[in-house]
Amino acid sequence: MAIRQITLRGEEILKKKCKPVKEITPRIMELIEDMVDTMFEADGVGLAAPQVGVMKRIFVAMPYPEQEEPEIYVMINPEILESDGVQESSEGCLSVPGYMGLVERPLRVKVRYMDINGNTVEDEFSDFAATVISHENDHLDGILYADKAKNFMTAEEYQERLREFQAQNGEAAE
């Protein structure tokens with residue numbers, strides 16, 4: 001297990017469509033372990049293979065980080081089967097450090113993927129979890145949230161706007 005270097009916006013690999021995984025080999029398992037370690041080290045909730053320089057249709061995600069012991073989902077060759085509703089999410093990305101943006105995402109997604117044991121799984125995710133899954137799945141198609149975002153801003157600008165919004169609405173600032 002190792003921490004891998006995260007590929008940053010502007011690097012060509014992030015704009016390419018990834019290739020399907022044909023077989024879960026020891027190298028694929030090592031990649032997945034490294035991706036989980038890298039995601040935790042970077043304090044993220046998801047990480048796609050191209051973000052660590054590998055053009056495979058794999059991502060790891062922690063769509064329910066608020067849980068006491070959050071489950072890590074490993075999705076190999078994921079495919080979004082259904083999506084509905086619309087939500088606007090404030091997003092950042094490990095490959096676009098220091099920035100935030102508002103992105104329209106589905107409120108609910110149904111996804112089919114292969115797990116690390118080679119089993120085909122179908123799961124549904126909604127709200128924040130749907131955002132995480134959609135964001136990571138976009139990486140596999142060469143799409144960055146920054147390409148879709150409106151109100152793209154630095155993290156400092158985002159925090160300032162959040163404080164202003166909270167002050168106007170009588171909410172405590174975090």
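Starting from 1, each residue takes its place in the sequence as its number.
- Annotation for Y113: atom OH counts as buried by contact number, over 12 foreign heavy atoms lying within 6.0 Å.
- Counting all heavy atoms, side chain and backbone alike, T7 lies closest to G53 at OG1-N, 3.4 Å.
- The line from CG of N119 to CE of M114 is 9.5 Å long, rounded to the nearest 0.5 Å.
- Contact between E23 and I28 at its shortest, heavy atoms only, is O-CG1, 3.8 Å.
- Note that OH of Y145 and OG of S95 are 10.0 Å apart. Values are rounded to the nearest 0.5 Å.
- We find that R108 and D127 are not joined by a salt bridge, their nearest charged nitrogen and carboxylate oxygen being 4.0 Å or further apart.
- No more than 12 heavy atoms of other residues, nucleotides or ligands shown are found within 6.0 angstrom of CD on Q5.
- To the nearest 0.5 angstrom, N137 atom CG is 6.0 Å from D141 atom CG.
- Between L140 and P78 there is a side-chain heavy-atom pair separated by less than 4.5 Å.
- A heavy-atom distance below 4.5 Å is not found between the side chains of V132 and Y64.
- Looking at I24, N77, L47, I32 one by one, the single match for side chain to side chain contact (heavy atoms under 4.5 Å, CB included) with I58 turns out to be I32.
- Using cut-offs of 30° and 60° on the angle between ring planes, the pair F125 and Y73 is perpendicular.
- A distance of 9.0 Å separates CD1 of I6 from CD of E41, quoted to the nearest 0.5 Å.
- A salt bridge links E160 to R163: at least one charged side-chain nitrogen sits closer than 4.0 Å to a carboxylate oxygen.
- Going from atom CG of L8 over to atom CG of L94 covers 10.0 Å, rounded to the nearest 0.5 Å.
- With values rounded to the nearest 0.5 angstrom, R9 atom CZ is found 10.0 Å from L14 atom CG.
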